[in-house]
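Heads up: the structure comes next, in structure tokens.
Please read all numbers here as calculations on a predicted model, not as lab measurements. Both backbone and side-chain heavy atoms feed into the values below; hydrogens, waters and symmetry mates do not. Order of appearance sets the numbers: ligands from 1, and atoms from 1 within every ligand. Along the sequence shown, residues are numbered consecutively beginning with 1.
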Amino acid sequence: MTVKTMQTADVKELLEKVAGFDKDGGNERMKKIVHRVMHDVFQIVEDFDVTPEEFWSAVYYVGELGANGEAALLAPGLGMDRYLDIRQDAEDEQAGLTGGTPRTIEGPLYVAGAPISEGFARMDDGSDKDAEVILIKGQITDENGEPLANAIVDIWHADSKGAYSYFDQSQSEYNLRRRIKTDSEGRYAAQSIMPSGYGCPPEGSAQQLLNQLGRHGQRPAHIHYFVSKPGYKHLTTQVNIAGDEYTYDDFAFATREELVMEAKRVEQSETAAKHGVTGPITEVEFNVTLVATDKPELQTRHARRRALETDAA
Ligand SMILES: [Fe+2]
């Protein structure tokens, strides 16, 4: 039996009181958003005839999600990060700021303040002897193909088990996290180890919901980037390694065609040799085009909570 109560005066009044419409204090924007959110939750309960048992399961689920620290993991799984990117792309289009290397999601595992070096960095601490050694390299240019010197390329990626330093306390400080300043030709290079893809914890809250949707919680091997230089739009993006089982089936929806790069085995790498790395190596090349802007607010990453980031700018 389905009852309809949403249009009654009782429910309308209840929602207005819930959102504090009858009180002077508080934040007007928050009141309107909470009113809308709770209206829609009530409406879902009515439309789907949600039982009390189902409702309380959902409440306790949200509690567990927070307690497990998985809210920021479920968000990309439910397409939120991708959706915010779609909105930012549309805003760029409206402002005439399209072009350049596409953005994609940041994810929740950035740590601010990684060591900075000029032109080249070694990213791994050498402790994983079995890992495949890789050379990440590329050139940062503007839209006319002019090299951009002194751009900051901030790279972070997982280890060969799919875990990130800082969040995985067994790794050394800032392992697989570096900031590299581009040289006079706009080039950067890094010696590192091949990252593995990873998945949501199998017993965790995010995977519990994904199971209900018949979805996996896996990401392909990828390398995160922030690229910035004063006078240019800040870029948050990722390289997705070609050939991974999940390259085109990423639970976080971060893959974009232009960001899929092949890891190529080379006998001798000129770039690697220049930085004292000899012998066969796997190269991942990622060239980036930045878009010029005079708007200062677009030149830095947007504010959000990030590990060890004290200044939100
Ligand atoms: Fe990641």
- Task: Over 60° means perpendicular and under 30° means parallel, so classify the ring planes of Phe120 and His275, tilted if in between.
- Result: parallel

- Message: Taking backbone and side chain together, does His157 place any N/O/S atom at a distance below 2.8 Å from the Fe ion (ligand 1)?
- Response: no

- Is the distance from the Fe ion (ligand 1) to some N, O or S atom of Gln238 under 2.8 Å? no

- Asn240-Thr247 side chain donor-acceptor pair, cut-off 3.5 Å: no

- Item | Residue pair Asp154 / Tyr110, side-chain donor-acceptor N/O under 3.5 Å | yes

- Give the name of the N/O/S atom in His222 that lies closest to the Fe ion (ligand 1). NE2

- Task: Angle at the Fe ion (ligand 1): provide the value between OH of Tyr198 and NE2 of His224, rounding to 10 degrees.
- Result: 160°

- When the aromatic ring centroids of Phe226 and His234 are compared, is their separation below 6.0 Å? yes

